[in-house]
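Report on one structure; see the data block that follows.
Below, read A as the first sequence line, B as the second, and so on, with proteins coming before strands; counting in each chain starts at 1.
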Amino acid sequence: MQRSVTAPLEVKLPVSVRYWLDLCLVQAKISLMIDMQYRFGIVLHVLSRVIEPLIYLSVWTIIAQENSVGGYDQQTFAAYFIIMMIVREQTIVGAMLKYDMRIRRGTLSDFLRRPVSLVLWDAVDNLVIRSVTGVIVVLTAMVLSIIFQAKFETPLWSVVLFPFALALAWLTSFLIDYTLGMLVFWTHSITALRATLTTATVLFAGRLAPLDVLPPLFQTIANLLPFRWILAFPTELAIGRLTFHETLNGFVMQIVWIIAGFVGLHYLWNAGIHRYSAVGG
Amino acid sequence: MSYLKIIGLYLRLGILNELQYRTNFFVQLFQSALGLIVALGGLAIVFDHTTNLNGWTQPELLAVVGVYFIVGGLIGTLIQPSMQLLMEDIRQGTLDFAILKPVETQILISVRQVQIWKMVDVGIGLVLIAIGLTQLGAQIGLQQALLFVVLLIAGVAIVYSFWLILATFAFWFIRIDNILVIFQSMYEAGRWPVRIYPGWLQFTLTFLVPVAFAVTVPVEALTNRLTVQTFIGAIALAAFMLTASHFFWRFGIRSYSGASA
């Protein structure tokens with residue numbers, strides 16, 4: 001079997017669990033220190049994430065003035081878009097930009113020389129920044145919930161299951177985004193790739209409107225894509241829109257896409273690394 | 001040599017420079033098409049549930065999206081590239097090369113770069129407005145068209161001044177690219193008439209980030225919503241912003257000390 005010596009994607013059998021935990025901890029500390037250099041930038045980043053849900057919340061608030069739309073009234077719309085803001089912030093990955101930069105500047109070589117998987121490093125790095133922004137975005141959500149009088153009708157079991165749905169959503173998002181990020185090994189028009197991704201998530205994953213509100217054609221497309229299981233599913237669970245059966249179905253779909261993501265990433269990473277040749281040296 | 005001639009020369013240079021990268025045209029075309037899908041998809045979803053949004057009908061909102069595309073295209077073609085270059089030059093100290101030239105620096109730094117392919121958005125915007133107005137069956141008189149063009153110019157002037165002020169802050173804060181991300185996400189709000197937003201957001205979009213004057217007000221001229229007050233306000237604000245940004249720029253450049261030397 002052909003194996004890339006420089007780039008072990010597969011996490012090999014650990015020497016001990018402790019070794020890997022230590023490794024992740026060290027990586028997390030480094031990431032945290034790097035992130036903390038740009039505190040003001042992080043606040044501005046979260047601020048820019050608040051605006052989009054507010055735009056669509058305003059639109060739907062007006063439409064729901066007289067009667068509810070697809071089972072949503074003004075206050076449940078508020079709850080939906082506020083939770084959507086959190087879920088979206090917690091599932092951002094952005095591997096495409098990272099790899100575009102790494103390949104163009106040749107810095108990918110530095111990472112490949114390390115004896116630890118770059119994917120694992122990126123995962124830890126992402127989890128750290130997500131926890132930092134998570135604090136800010138949750139505080140923002142609380143303020144917005146009061147301003148817009150958001151109404152949550154969430155049963156206890158949904159509250160309990162939400163963290164798991166969000167964690168799996170993050171993993172799904174990480175693997176799918178990372179897999180798509182591998183396309184940078186073949187093309188550098190990332191603006192076009194990212195615009196495609198944005199379109200898919202705005203229209204077919206619940207960013208513009210809850211899926212129940214979408215026309216049938218949009219719903220059909222949404223079902224074919226992984227993005228609704230990343231964004232809409234945890235959001236609807238958190239505001240108490242899902243039955244237990246629908247929730248189970250959501251978890252199953254997340255796992256299906258996680259497996260697809262693993263397979264896709266494995267294949268594209270190996271193919272991509274073989275294509276890659278460093279610039280400079 | 002007159003300033004107009006210099007501006008013309010730089011714009012021509014910028015266009016020629018961009019024409020070297022023809023694939024970018026197709027990338028831009030693809031991107032604009034996706035932007036169009038999002039905008040029209042949004043309208044389709046919204047008007048699946050209602051016949052008017054705060055008094056705005058679907059064809060009228062199509063015109064809003066059209067102006068959103070036109071102004072966005074103009075910003076992307078003419079304003080943003082030069083301003084980003086300016087901020088980069090301030091950061092790296094290479095602004096020296098522009099300052100040394102014997103012309104009014106503000107004019108020079110405002111026209112140094114052009115991204116001509118962004119004009120695709122202007123084309124799309126014009127088509128959308130045409131479709132919207134045809135659906136409305138509106139008779140656009142000469143007066144309305146004239147008002148629209150004047151307000152569009154005023155709006156672009158306000159956005160230009162706004163960008164110049166933001167970019168001037170780079171003299172003190174060096175790295176401000178994150179603020180631009182905020183502007184871009186705020187500009188998205190212009191896809192809908194600003195009066196649908198809650199009061200405090202309306203205020204922000206009118207006076208802090210001038211999305212209202214850039215997009216909503218010109219559309220008001222086309223849809224018979226324009227009041228005399230708004231018209232005078234827009235012109236006055238444009239004049240004020242142009243003057244204020246000019247003086248702020250002069251003030252800022254005095255604290256620039258270059259990088260080498």
Side-chain angles (χ1 to χ4, degrees), chain A residues 38-70 72 78 144 147-148 187-204 207-219 221, chain B residues 21 23-24 26-56 61 117-118 173 175-202 204-205 209 211:
Chain A
Y38 306 102
R39 285 164 300 228
F40 186 54
I42 292 176
V43 174
L44 286 179
H45 160 84
V46 174
L47 223 94
S48 73
R49 297 282 167 180
V50 176
I51 297 160
E52 188 194 276
L54 283 187
I55 295 173
Y56 295 127
L57 173 56
S58 305
V59 171
W60 290 107
T61 301
I62 288 179
I63 298 171
Q65 248 163 9
E66 280 138 35
N67 33 41
S68 65
V69 182
Y72 285 88
L144 290 176
I147 295 179
F148 288 96
T187 167
H188 279 289
S189 358
I190 55 160
T191 34
L193 286 176
R194 294 181 75 213
T196 314
L197 213 57
T198 309
T199 311
T201 51
V202 170
L203 290 180
F204 308 115
R207 271 167 69 182
L208 194 147
L211 293 175
D212 290 344
V213 170
L214 298 182
L217 173 69
F218 286 71
Q219 291 191 11
I221 300 173
Chain B
Y21 308 100
T23 353
N24 280 359
F26 294 101
V27 174
Q28 181 58 49
L29 208 62
F30 181 68
Q31 234 177 311
S32 298
L34 288 176
L36 192 64
I37 291 175
V38 171
L40 296 184
L43 285 188
I45 294 169
V46 164
F47 283 97
D48 198 34
H49 296 281
T50 182
T51 48
N52 80 81
L53 191 68
N54 222 16
W56 294 74
L61 277 184
W117 302 133
K118 272 272 165 200
F173 298 119
R175 288 209 68 160
I176 53 166
D177 20 355
N178 268 311
I179 294 183
L180 302 180
V181 177
I182 300 235
F183 173 80
Q184 271 149 5
S185 57
M186 285 241 170
Y187 183 70
E188 302 231 330
R191 228 178 259 169
W192 310 89
V194 289
R195 272 179 246 302
I196 68 160
Y197 299 114
W200 54 276
L201 195 56
Q202 252 180 61
T204 312
L205 293 173
V209 184
V211 175

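Note that CD1 of Ile182(B) and CD1 of Ile51(A) are 5.5 Å apart. Values are rounded to the nearest 0.5 Å. Put simply, CD1 on Ile196(B) and CD1 on Ile62(A) are 5.0 Å apart, with the number rounded to the nearest 0.5 Å. How far CH2 of Trp192(B) is from OH of Tyr56(A): 7.0 Å, rounded to the nearest 0.5 Å.
Looking only at heavy-atom pairs under 4.5 Å with chain A, the residue among Ile45(B), Ile37(B), Thr50(B) that has the most is Ile45(B). When each of Val38(B), Leu201(B), Val27(B) is scored by its heavy-atom pairs under 4.5 Å with chain A, the top score falls to Val38(B). By number of non-hydrogen pairs under 4.5 angstrom with chain B, the leading residue of Val69(A), Ile147(A), Val50(A), Leu57(A) is Val69(A).
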Would Leu214(A) and Leu208(A) count as a side-chain contact (heavy atoms from CB on, under 4.5 Å) if you check the C-alpha gap in whole Å, the side-chain angles of each, and the deciding distance to 0.1 Å?
CA-CA 9 Å; Leu214(A) 298 182; Leu208(A) 194 147; 5.7 Å; no
side-chain contact (heavy atoms from CB on, under 4.5 Å) assessment of Trp60(A) paired with His49(B):
CA-CA 10 Å; Trp60(A) 290 107; His49(B) 296 281; 3.8 Å; yes
Give the C-alpha distance, both sets of side-chain angles, the deciding distance and a yes or no for side-chain contact (heavy atoms from CB on, under 4.5 Å) between Met186(B) and Thr204(B).
CA-CA 9 Å; Met186(B) 285 241 170; Thr204(B) 312; 3.9 Å; yes
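No donor-acceptor pair closer than 3.5 Å links the side chain of Glu52(A) to the backbone N or O of Ser185(B).
In this pair, Phe218(A) and Phe204(A) present their aromatic rings tilted. The plane angle is within the 30 to 60° band.
If you measure heavy-atom distances from Ala192(A) to chain B, the contacts under 4.5 Å come from both the backbone and the side chain. With a 4.5 angstrom heavy-atom cutoff, Val202(A) touches chain B only via side-chain atoms. Both the backbone and the side chain of Asn54(B) come within contact range of chain A, judged by heavy atoms closer than 4.5 Å. Contact annotation for Tyr197(B): both backbone and side-chain heavy atoms come within less than 4.5 Å of a heavy atom of chain A.
Contact annotation for residues 42-49 of chain A against chain B (heavy-atom separation below 4.5 Å, listed by residue number): Leu44(A), Leu47(A), Ser48(A).
Note on residues 193-203 of chain A: pairs passing side chain to side chain donor-acceptor pair (under 3.5 Å), not counting sequence neighbours, are Thr201(A)-Arg207(A).
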